[in-house]
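Before any comments, here is the structure.
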Amino acid sequence: MKREIVAPKILLPYYYSWKIDENNTNYNVCFSYSLPNGISVEKLKSCILKLIELRPALRANFGFKNNEVKYYIHDYLTPTFYEIEANCEKDFKSLVSKIKNIKHDLHNESLIKVGFIKKKYDNNFEIVFNIHHSIIDGTSLDKFITDLSCLYNEGNITEESTESHMNSFLILNKNESNLKEKDIVRYSNLLGEISSKNEKILIKDNAEVYTSKFSLNQLEFIELKKFTEKSEISLFNFLLVCWCIFETKLLNKDYCITNYPVNIRNNKEVSGCMLNNIYFPFVYNKNTNIENVIKGVKNQLPFLKKLHHISPVDIFDKNDSKLSHFAYSGFAKLRNLQLLNFSLDGTTFPQMANSSLGMRYVKTEETLHFLSECFENILPKNIACSLSKRFTNFVKKLINNPEKKFQYIDILFEEERENLLKRNTSKLSINMQNNISDLFKSVVEKFPNKYAAVENNNKITYKVLNEKSDKLGNFLKQKNITKKTVAILIDNKIEMLVGILGVLKSGNTYLPISPDTPKDRIEYILNDSNVTTILSLKKYSNFLSSKKDFYDLEDDKIYLIEDNFNLNSNKNITNQPTYVIYTSGSTGYPKGVLVNQESLLNLMENCKNQFNITENDNISKYSSFSFDASVIEIFISLLNGCTLYFVPDKTRYNVNKLNEFFHENNITFAFLTTKIAEIFMELENFSLKTLVTGGEKLKAFKKNKYNLVNAYGPTEATVFVTTYNVEKYEENIPIGKPIENVEVYILDKELNPCLYEMPGEIYIGGRALATGYINRTDLTNEKFISNPFYQDKDVTNERLYRTGDIGKKLIDNNILISGRMDSQVKISGYRIELSEIEKQLLSFNTILNAAVVAYDDTTGHKYLCAYIEAKDKIIIDDLKQFLRLQLPEYMLPKIIIQIEKIPLNYNGKTDIKALKIPTDSLTVQKEFLPPKNEYEEKISNYFKEILQIQNINTTDDFFSLGGNSIKAIQLIAKMQKTYNVDISLIYKLRTVEKIADKIMKDS
């Protein structure tokens, strides 16, 4: 026999969760106790059965009848007992895991599972409970343990009648809030707005949950109570607010919604689950403090209390939102099981429900005990497993600094902060009195007759190069061209070196321009930089429309000046400019970066030491002259007495010919852009000692005889600032650690150091920084900021450059880079890093290169388009099927286009602007797609009726159209009149088209 009532709304979330996925174990409340010798397992079983007889909630389950969810109380409902043996500790852990992951059938069986594991290796028993949350909460769990102890110890407990239990729920169903409709709408809209702004979280199946525990000491507890009493706020409400602040700072976001339970039982003796969940919306403001937030929360309390009897599914029902939870719960520290003279400590197991992470706490006489829970893909393990301690540490900071703005209060431990900000202490000495010209002159004195450079059959010695550049410098001085920017427009030719050295010797700054740069871009650069002088070749004299003084570097007339116009007179290199390189700008126009000699010479000293460069090395001149990697190639060679070999244009993009060129000329050091290097690595090379690569994220590696160095750095920080010697393939190849005299920080949006393994923006300081952008004071001030960690007298670290790159620091202090802040896109609420998709594309068959771009369709919604370059014709359907196995649905490109070659710009990076935007016939558009058959017609009508919408596409998502758990129940009730379907169908397939197709196939 059984009694029934309409299921209370507070229990519906548990039921819906099960109906959506009957294998779901998120609401399993699991705990265990180790039973010492002397405790009778049979007696314990009898006590459990007796307790179930006395407590109606323990005999409850559910049903679905007349389009309503029913709550049943049975006269008797036998729990499931398991008796099993474990031969060793490994077996034991496996058995515990199996018991706590047993799924519950909410319709047809008891919602209590109990395992008795006999540990044969120590002759003790472990009792493991698995109880569904729909029949037990923290209060009744505490009572369950107390009552079980009492029964085992021959005590008496009062029976709770079925009638009084049912009446308690009936009273709850009748309780109504006196909130006005407009207040509920405003609250619901705020929740929806925050939910839409926050990143959606996809938790993978069988994801591990990391937990941590921490307890306050007595003094800390006293200080906390004093603060809350003084602030006239309850301990729970204060800690709830602290958790919200902590969560937003931890995950580097501006909003959060925290789910907290409230006990709404009218009688504390009533068993079962009598919790309602309240959604607490929090908007973070870095410019306020805890005092002000407490005042705001106290003003909100009357409204929040009125929510206690409103079902959360009536207000906010986002099935794809994983919120955080915060709770006062005995689960944080389980009550001891008192059996005879034994007081047994319990073990709890994570219970995440619809959360991604959360915090529970419980109060005892002397302290607070905290328990954190977090899915593995939310936080790194090292952080998740210290979350309770980190949270309480943050609470102490708030208490000790009640008037301090949040932006100045971090979530770091003090020792951790010191380690993250530890300076790059091993300093490389640079002679501040020797400029580039002086250093080059000393090399000339050592190796006057050695070849400085080779270009095809043309060669030049250090002595001749020095003489020609001296004469060019004198020519420029004679023309009164000094302390100016001089453009050098030239191919990969020896005259390039003459031009650079002549410009520097005459006290000028050189502006490198490669002739393959688009003409309009060249014109813009020349005008923006206020250049009046161009050094080039005669063949380019009619190339430009700009009226500039043009000098041919192959014209003997400019090398006739014998007078010495006091070359190399500027001995202070600190602020002496060296070159200006133009890089892409967010406005669509390039911006000029001015780099001084100190920064360049610091890089050269690092290269010399790290790569063991000597006069015996041969260096390749591969990079485009406009690309800052050419700076390394040129100066690492000229300042160390090496020979620089110019790579012919016809060889540059043919890796086989390039490899031959390296062999023929015994090239020992080279720099290749990332995409070229990834292809080059597949070849066997015998000449190289070191290959440096950079420019983009390195996604491939093959071991070779040479040392591969993955380098990272923007033009604004003088080519590169970190290096990593790649020894093996890694899923995410690091960019390494900072070079000497350089600092690299990973900071959050408040310029606080990010935790180890947590992402943030990469900032660079030290001697690597450029002077700034020419003619762009506003942009210079925006990108080059004051260093918040600046230490007195260290002038090299006064500023930081904000790169816009996203990275994280590993425990070993190597840095990983994940992409650009401006390259992350949101699709359907999920944040996507495009490089992740590109990486999966590259792992398919013969694909050589890939680029993924986010475009807007005609309705303003974003979609992904993938461009692929491959050795053979790719069957797109096969590729899409492959991607479905690797990526979640929201990361799948809507369009995949195979092209002959992914275009590269003159820097060797993917030229996104050169990719052809999909034509109208390909573009994803939101066309109206009516039903195609009678199945789609019927289901479409059901959608319309339940959602109250007239025009529904067969591809529209039920939940995106306003569907929720209640409407899904209503929809399935309508459909079950015609079809044999279950509610899980709605959640899994979601569209008219997919649901109809499934029903057709099954019929």
Side-chain angles (χ1 to χ4, degrees), residues 13-14 17 24-32 93 96-97 99-101 128-134 136-138 141-142 198 201-216 236 239-240 242-251 253 256-261 273 275 277-280 282 321-335 345-363 368-395 411 755 757-758:
Y14 309 113
S17 178
N24 186 346
T25 60
N26 285 350
Y27 284 109
N28 288 6
V29 176
C30 301
F31 55 99
S32 70
K93 289 180 178 179
V96 170
S97 178
I99 293 170
K100 68 187 183 72
N101 285 305
V128 183
F129 292 91
N130 175 346
I131 306 175
H132 197 268
H133 199 347
S134 60
I136 197 166
D137 60 18
L141 171 62
D142 204 50
N198 275 343
I201 298 169
L202 190 68
I203 305 298
K204 65 182 182 181
D205 293 338
N206 302 316
E208 187 177 352
V209 177
Y210 299 137
T211 62
S212 73
K213 293 182 178 182
F214 189 76
S215 301
L216 298 180
F236 176 84
L239 290 173
L240 169 65
C242 291
W243 170 255
C244 292
I245 301 165
F246 179 77
E247 181 189 343
T248 53
K249 292 178 81 73
L250 177 70
L251 300 178
K253 57 186 184 179
C256 73
I257 299 174
T258 298
N259 175 23
Y260 68 91
C273 180
L275 298 177
N277 287 295
I278 308 297
Y279 296 122
F280 183 72
F282 182 77
S321 293
K322 289 287 185 183
L323 312 176
S324 74
H325 66 260
F326 185 83
Y328 181 86
S329 170
F331 217 58
K333 190 179 190 304
L334 201 62
R335 179 179 286 273
D345 287 327
T347 299
T348 59
F349 301 98
Q351 192 266 309
M352 296 301 288
N354 194 37
S355 300
S356 56
L357 79 161
M359 185 69 66
R360 306 174 196 270
Y361 81 98
V362 69
K363 180 183 174 184
L368 298 182
H369 305 277
F370 292 85
L371 169 68
S372 71
E373 297 159 314
C374 174
F375 276 116
E376 62 180 298
N377 61 318
I378 303 300
L379 293 171
K381 187 174 183 178
N382 65 303
I383 296 172
C385 292
S386 64
L387 206 59
S388 295
K389 184 178 180 181
R390 189 177 298 280
F391 172 63
T392 55
N393 183 63
F394 178 68
V395 171
I411 58 173
L755 302 172
E757 298 193 19
M758 288 295 284

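Predicted model only: the values in this text are computed from it and were never measured.
- A distance of 5.0 Å separates CG of Leu379 from CG of Leu250, quoted to the nearest 0.5 Å.
- For the pairing with Phe326, the ring pair (Phe, Tyr, Trp, His ring centres under 6.0 Å) check across Phe280, Tyr279, Tyr361 returns one residue only, Tyr361.
- Scanning all heavy atoms of the two residues, the minimum distance from Phe349 to Phe331 falls at O-CE2, 3.1 Å.
- At least one donor-acceptor pair closer than 3.5 Å links the side chain of Tyr328 to the backbone N or O of Lys363.
- Across all non-hydrogen atoms, the minimal contact from Leu323 to Ile257 is CB-O, 3.6 Å.
- Expressed to the nearest 0.5 Å, how far SG of Cys30 lies from NE2 of His132 amounts to 10.5 Å.
- Scanning all heavy atoms of the two residues, the minimum distance from Val362 to Ser329 falls at CB-O, 3.4 Å.
- If you take OH on Tyr210 and SG on Cys374, they are separated by 8.5 Å, rounding to the nearest 0.5 Å.
- Under the 30°/60° scheme for interplanar angles, the aromatic rings of Phe391 and Phe246 are found to stand perpendicular.
- Qualifying side chain to side chain donor-acceptor pair (under 3.5 Å) partners for Lys249, counting only residues two or more places apart in sequence or in other chains: Tyr284, Glu750.
- Of the charged side-chain nitrogens involved, none lies within less than 4.0 Å of a carboxylate oxygen, so that Glu757 and Lys381 do not count as a salt-bridged pair.
- For NZ of Lys253, the number of neighbouring non-hydrogen atoms (other residues, nucleotides, ligands) closer than 6.0 Å is greater than 12.
- Applying the salt bridge (charged side-chain N to carboxylate O under 4.0 Å, His left out) criterion to Lys100, with sequence neighbours excluded, gives no partner residue.
- Between the Ser212 side chain and the Ser388 main chain, a donor and an acceptor come within less than 3.5 Å of each other.
- Residues Pro261 and Leu275 approach most closely at CB-CD1, 4.0 Å, considering heavy atoms.
- Under the rule for a side chain to side chain donor-acceptor pair (under 3.5 Å), Thr248 has no partner lying at least two apart in sequence or in another chain.
- No donor-acceptor pair closer than 3.5 Å links the side chain of Asn277 to the backbone N or O of Asn259.
- The side-chain contact (heavy atoms from CB on, under 4.5 Å) test with Phe31 is passed by exactly one of Ile131, Thr347, Asn130: Ile131.
- Atoms NE2 and OG, on His325 and Ser372 in that order, are 8.5 Å from each other to the nearest 0.5 Å.
- Of the candidates Asn382, Ile383, Ile411, Met758 forms a side-chain contact (heavy atoms from CB on, under 4.5 Å) with just one, namely Ile383.
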Requested in this report: Give the intermediate values and the outcome of side-chain contact (heavy atoms from CB on, under 4.5 Å) for residues Ile245 and Phe282.
Outcome: CA-CA 8 Å; Ile245 301 165; Phe282 182 77; 3.6 Å; yes
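- When every heavy atom of Thr258 is checked against every heavy atom of Leu240, the shortest pair comes out as CG2-CD1, 4.0 Å.
- Judged by distance alone, with hydrogens and angles left aside, the side-chain atoms of Glu373 form a donor-acceptor pair with the main-chain N or O of Gln351 at under 3.5 Å.
- Checking side-chain atoms of Ser17 against main-chain N and O of Tyr14 turns up no donor-acceptor pair under 3.5 Å.
- Looking at Leu239 and Met359, their side chains never come closer than 4.5 Å, going by heavy atoms from C-beta outward.
- In this structure, the side chain of Asn24 engages the main chain of Asn26 through a donor-acceptor pair within 3.5 Å.
- Scanning all heavy atoms of the two residues, the minimum distance from Ala207 to Phe375 falls at CB-CD2, 3.8 Å.
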